[in-house]
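Structure first, commentary second.
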Number of protein chains: 2
Amino acid sequence: MAQHTTAPATAMLGYRLKRAASALRSRMDEGLRPHGLTVPQYATLELLDAQPGLSNAELARGAFVTRQSMNVVLRGLADGGLVRRAEVSEHGRALPTHLTDDGRRRLEAARDVVFALDRQMTAAVPGRRLADLLTDLDAMAAELGR
Amino acid sequence: MAQHTTAPATAMLGYRLKRAASALRSRMDEGLRPHGLTVPQYATLELLDAQPGLSNAELARGAFVTRQSMNVVLRGLADGGLVRRAEVSEHGRALPTHLTDDGRRRLEAARDVVFALDRQMTAAVPGRRLADLLTDLDAMAAELGR
DNA sequence: TGGGCCATGTCAGGAGTTTGACATACGACG
DNA sequence: CGTCGTATGTCAAACTCCTGACATGGCCCA
């Protein structure tokens, strides 16, 4: 046997990462429900606000879901009149998507909830360590690849 | 309008957290598939190994899913002969669950893959900052509640 | 003793997400 | 010019997970 008992899985970085992410996800679900938005839908609106004209595949990568899932998300947003997809492709098969005025309004309302959560979460870490924390999270993601 | 443009949502802590967690999840899915385990199933085995006799509800909290989802997970593990649930309750309605020998063997095999991922991810952050990183992740989770 | 309260296990239904597959469109290269 | 490789959009099917709801069992306290 090993001379020292192995650290329990709940002590490992992956578990702690998952716990924090899970807590945030729960709170976002709660906060976004009154706005009629799911987390992927909100993420999509946010991405389109920052980079109008993104394609389905690009949005999927940005929201960390598959192209198929994003296709469903976009269909829902388009049915609700929050986004508008081009019918014809300008380049390749990619169909650029844009926010509608309704979409922008809905995003701004939902943003208050989400940003408040992010501020609350950010406040839990000492300010002097925030930059390092962001750096390390990015390094972890990069190390594990896309 | 605001005098300065607001930071894009992709620059916020929540997004970086999600990206890291999503990357880890993808890699765990890939690594566990050959072992015939899903991430929640693996997490459940790991929890039961550390704390034999946990109930369905306790496992659900530990694996960050609902009781209903954990119920399905346990059913799958029990059908595969990896865990064994008590038929009668010792205290309240809670039904203690234990690993079988097969379950322990399967866990140990899968553990190699998961631990390797955790080590790889951990190696991406400077050793002197690891303790702070864990502290901050825990503080974020605690601040957002359960 | 009895009622209010909370936790647990479970059923039913639906929503979201993924894997697998296929057709189309562009670019690089021989 | 033709072909391979890559990227995109979409369909189909299965799986996973969640919300909502209900019944049961223990605990606290009047």
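Naming: A, B, ... by sequence-line order, numbering from 1 per chain.
Protein atom CG of B:L54 is 15 Å distant from nucleotide atom C1' of C:dA7, rounded to whole Å. Between B:D79 atom CG and D:dC15 atom P there is a gap of 13 Å when expressed in whole angstrom units. The distance between atom CZ of A:F64 and atom P of C:dT17, rounded to the nearest whole Å, is 14 Å.
With rounding to the nearest 0.5 angstrom, the CG atom of A:L13 is 6.5 Å from the CG atom of B:L130. Atom CE of residue A:M70 and atom CG of residue A:N56 lie 7.0 Å apart, to the nearest 0.5 angstrom.
When every heavy atom of A:G145 is checked against every heavy atom of B:R27, the shortest pair comes out as CA-NH2, 3.8 Å.
The shortest side-chain heavy-atom distance between B:L48 and B:H98 does not fall under the 4.5 Å cut-off.
Residue order along DNA chain C, read from the 5' end via each residue's closest nucleotide, puts A:Q41 first among B:R33 and A:Q41.
Checking each of B:Q41, B:Q51, B:R111 against B:E46 for a side-chain hydrogen bond (donor to acceptor under 3.5 Å, both in side chains) leaves exactly one that passes, namely B:R111.
Follow the hydrophobic side-chain contacts under 4.5 Å out from A:L117 and you reach A:L47 in the same cluster.
Counting distance only, with no hydrogens placed and no angle test, the side-chain atoms of A:Q68 and the base atoms of C:dG16 include no donor-acceptor pair under 3.5 Å.
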For nucleotides 6-9 of chain D, print each protein N/O atom paired with a nucleotide N/O atom at under 3.5 Å, atom names and distance only.
| from | atom 1 | to | atom 2 | distance (Å) |
| --- | --- | --- | --- | --- |
| D:dT8 | OP1 | A:R61 | NH2 | 3.1 |
| D:dT8 | OP2 | A:R61 | NH1 | 3.1 |
| D:dT8 | O2 | A:R93 | NH1 | 3.2 |
| D:dG9 | OP1 | A:N56 | N | 3.3 |
| D:dG9 | OP1 | A:L95 | N | 3.1 |
| D:dG9 | OP2 | A:A57 | N | 2.6 |
| D:dG9 | N7 | A:R67 | NH1 | 2.9 |
| D:dG9 | O6 | A:R67 | NH1 | 3.3 |

